[in-house]
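Proteins get letters first, then strands, A, B, ... in listed order; numbering begins at 1 in each. Keep in mind that the numbers below use all heavy atoms, side chains included, and drop hydrogens, waters and symmetry copies.
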Number of protein chains: 2
Amino acid sequence: MGDESVIRNSIRRLRFEHGEMTQQQLADAAGCTRQTIILLEQQRYAPSLTLAFRIARVFGKGIEEVFMFEESE
Amino acid sequence: MGDESVIRNSIRRLRFEHGEMTQQQLADAAGCTRQTIILLEQQRYAPSLTLAFRIARVFGKGIEEVFMFEESE
DNA sequence: ACATGATGTAATATATTTTGTACATTGCCA
DNA sequence: TGGCAATGTACAAAATATATTACATCATGT
């Protein structure tokens, strides 16, 4: 899928809205590494659908409230 | 993420509900290969979040209407 | 001044998703 | 009967996501 569609996310904001939750705490809650959270917050890549579900669930949100799909055109 | 959480999907059903849409047509509309659609319909793996968004969008649905997160416990 | 916790960087290794290609099967219809 | 469209299988290769480890920086509190 060599397209230019991009996925943004609000992880950083949500983390702070959840009592200054730490990257490490989120990683633990979502079952991934802190490194992964860092890269996601920096919008370096889109997560797997599985991880997206898990992260959204930590915040009690739906996937599309956390991750935004940005069309190519 | 070596866990046992599983993602199910309703692609096959949605395809038929959309005028017997062909695997190839869906693949084209979603910007992936027919092979990928086949494997997804067989629940062989979870798609990337990007592809999940694209497929859902082809059907005019939200991600969570097409892909279901199944908790480990 | 020092220790500590939170964040960031970098490099490499592993896992997973997606493609590409080639071929098999089945059902349909001229 | 023969051809074609739709689906499926198998396998290797490419692309991408995630983990691991180790170290850097900055702010805070003592």
Side-chain angles (χ1 to χ4, degrees), chain A residues 1-59 61-64 66-72, chain B residues 1-59 61-64 66-72:
Chain A
M1 265 177 17
D3 267 281
E4 29 270 299
S5 37
V6 167
I7 299 225
R8 282 190 314 103
N9 70 72
S10 318
I11 296 181
R12 199 169 217 134
R13 181 170 53 70
L14 287 166
R15 209 155 50 75
F16 286 115
E17 290 177 7
H18 278 245
E20 307 281 345
M21 175 184 256
T22 256
Q23 289 177 335
Q24 185 64 63
Q25 290 170 332
L26 174 54
D28 292 345
C32 69
T33 14
R34 187 172 66 88
Q35 185 61 276
T36 296
I37 300 300
I38 290 175
L39 296 177
L40 290 180
E41 288 194 351
Q42 289 168 166
Q43 323 276 352
R44 298 286 210 85
Y45 51 69
S48 66
L49 183 53
T50 304
L51 183 54
F53 263 114
R54 284 182 173 164
I55 291 175
R57 183 168 139 293
V58 168
F59 294 126
K61 301 271 184 193
I63 286 206
E64 324 206 14
V66 182
F67 300 93
M68 294 83 181
F69 187 49
E70 226 127 87
E71 292 285 13
S72 339
Chain B
M1 262 177 22
D3 265 280
E4 30 270 300
S5 38
V6 168
I7 299 226
R8 282 191 313 103
N9 70 73
S10 319
I11 296 181
R12 200 171 216 132
R13 181 171 51 71
L14 287 167
R15 209 156 50 75
F16 285 115
E17 290 176 8
H18 278 246
E20 307 280 345
M21 174 183 257
T22 255
Q23 289 177 337
Q24 185 64 62
Q25 290 170 332
L26 173 54
D28 292 344
C32 69
T33 9
R34 187 171 67 90
Q35 185 60 276
T36 296
I37 300 299
I38 290 174
L39 296 177
L40 290 180
E41 288 193 353
Q42 289 170 163
Q43 323 275 353
R44 299 285 210 86
Y45 50 70
S48 65
L49 182 54
T50 304
L51 183 54
F53 263 115
R54 285 182 174 164
I55 291 175
R57 185 168 138 293
V58 168
F59 294 127
K61 302 271 185 194
I63 286 203
E64 324 206 15
V66 181
F67 300 93
M68 294 84 181
F69 188 50
E70 227 127 88
E71 290 286 12
S72 338

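- Out of C:dT7, D:dT20, C:dT18, the shortest distance to the side chain of B:P47 is found at C:dT18.
- Between B:I37 and B:C32 the shortest heavy-atom distance is CD1-SG, 3.7 Å.
- Looking at every heavy atom in both residues, B:F67 comes nearest to B:P47 through CE2-CG, 3.6 Å.
- Side-chain N/O atoms of A:Q35 and base N/O atoms of C:dT9 include a donor-acceptor pair closer than 3.5 Å.
- Distance CG (A:L26) to P (C:dG5): 19 Å, rounded to an integer number of Å.
- Remark: P of D:dA17 and CD1 of A:I55 are 13 Å apart, rounded to the nearest angstrom.
- Nucleotide D:dA17 holds its P atom 15 Å from the CD1 atom of A:I37, rounded to whole Å.
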Subject >> Derivation of the side-chain contact (heavy atoms from CB on, under 4.5 Å) call for A:L14 and A:I55 >> reply: CA-CA 10 Å; A:L14 287 166; A:I55 291 175; over 6 Å; no

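- In this entry the distance linking CG of B:L40 with P of C:dT19 reads 9 Å, nearest Å.
- Nucleic acid contact class of B:R44 (heavy atoms, under 4.0 Å, all strands): none.
- Using a 4.0 Å heavy-atom criterion, one finds that A:T36 contacts the sugar-phosphate atoms exclusively.
- B:Y45 places its OH atom 14 Å from the P atom of D:dA17, with the value rounded to the nearest Å.
- Residue A:R54 places none of its side-chain N or O atoms closer than 4.0 Å to OP1 or OP2 of D:dT18.
- Dashed line: the shortest gap from a side-chain N or O of A:R12 to OP1 or OP2 of C:dG8 is under 4.0 Å.
- A sub-4.0 Å separation between OP1 or OP2 of D:dA17 and a side-chain N or O of A:S48 is absent.
- A straight line from CD of B:Q23 to P of D:dT9 spans 10 Å, rounded to a whole angstrom.
- Not one side-chain nitrogen or oxygen of B:R34 sits closer than 4.0 Å to the OP1 or OP2 atom of C:dT21.
- A pairwise comparison of heavy atoms in A:K61 and A:V66 identifies CB-CG2, 3.8 Å as the closest pair.
- Among the candidates B:R12, B:E17, B:H18, the single residue satisfying the side-chain contact (heavy atoms from CB on, under 4.5 Å) test with B:R15 is B:R12.
- When the side-chain nitrogen and oxygen atoms of B:Q24 are compared with OP1 and OP2 of D:dT7, none of them lie within a distance under 4.0 Å.
- For the pair B:Q25 CD and D:dA6 C1', the computed distance is 10 Å after rounding to whole Å.
- Side chain of A:I38, nearest nucleotide from C:dT17, D:dT7, C:dT9: C:dT9.
- The distance between atom CD of A:E41 and atom C1' of C:dT9, rounded to the nearest whole Å, is 15 Å.
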